[in-house]
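Heads up, the thing below is written out as structure tokens.
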Amino acid sequence: MRRLGTVTRTAQGLAIVRPDDGDDAPDIGTMAVDESLSGVGRVVDVFGPVGRPYLAVSPDDHVRLPELLGTKLYTR
């Protein structure tokens, strides 16, 4: 399991994730999971500064975006 980062905000129906320093950005389409390994969504965009980009995660249908704020997300 690899840490993606922390959900810092939501915008246009997406969870915006700020990765930890020094982590490589995952590929678009990578599945995001929470600490209990429940599927949360998929990475749909990588944007921002090259040294520390943001990730946009499109949530699965059962996920409520406001509940993701402050949550740490991971990949398998």
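Position 1 is the first residue of the sequence, and the numbers go up from there.
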What side-chain donor-acceptor pairs closer than 3.5 Å can you find for residues 55-69, not counting sequence neighbours?
unit_1	atom_1	unit_2	atom_2	d
H62	NE2	G39	O	3.3
R64	NH1	E67	OE2	3.1

### Query
Between R18 and R52, which heavy-atom pair has the shortest distance, and what is it?
NH1-O, 3.0 Å
### Task
Please answer: with hydrophobic residues joined when any side-chain heavy atoms are less than 4.5 Å apart, are V46 and V33 in the same cluster?
no
#### Entry: R76: salt bridge (charged side-chain N to carboxylate O under 4.0 Å, His left out) partners, not counting sequence neighbours
none
### Summary
Result for side chain to side chain contact (heavy atoms under 4.5 Å, CB included) between L14 and one of D45, V44, V7 points to V44
### Task
Go through the structure and list residues passing side chain to side chain contact (heavy atoms under 4.5 Å, CB included) with R9, not counting sequence neighbours.
I16, Y54
#### Entry: Under the side-chain hydrogen bond (donor to acceptor under 3.5 Å, both in side chains) test, residues paired with S38 that sit two or more places apart
S36
### Summary
Here the pair of heavy atoms bringing P53 nearest to A25 is CG-CB, 4.1 Å
### Message
Give me each pair satisfying salt bridge (charged side-chain N to carboxylate O under 4.0 Å, His left out) with a member in residues 31-44, each pair once, sequence neighbours excluded.
### Response
none
### Message
Apply side-chain contact (heavy atoms from CB on, under 4.5 Å) to residues V43 and D27 and explain how you reach the verdict.
### Response
CA-CA 7 Å; V43 176; D27 294 329; over 6 Å; no
### Task
Using the test side-chain hydrogen bond (donor to acceptor under 3.5 Å, both in side chains), find all partners of T75 that sit at least two apart in sequence or belong to another chain.
none
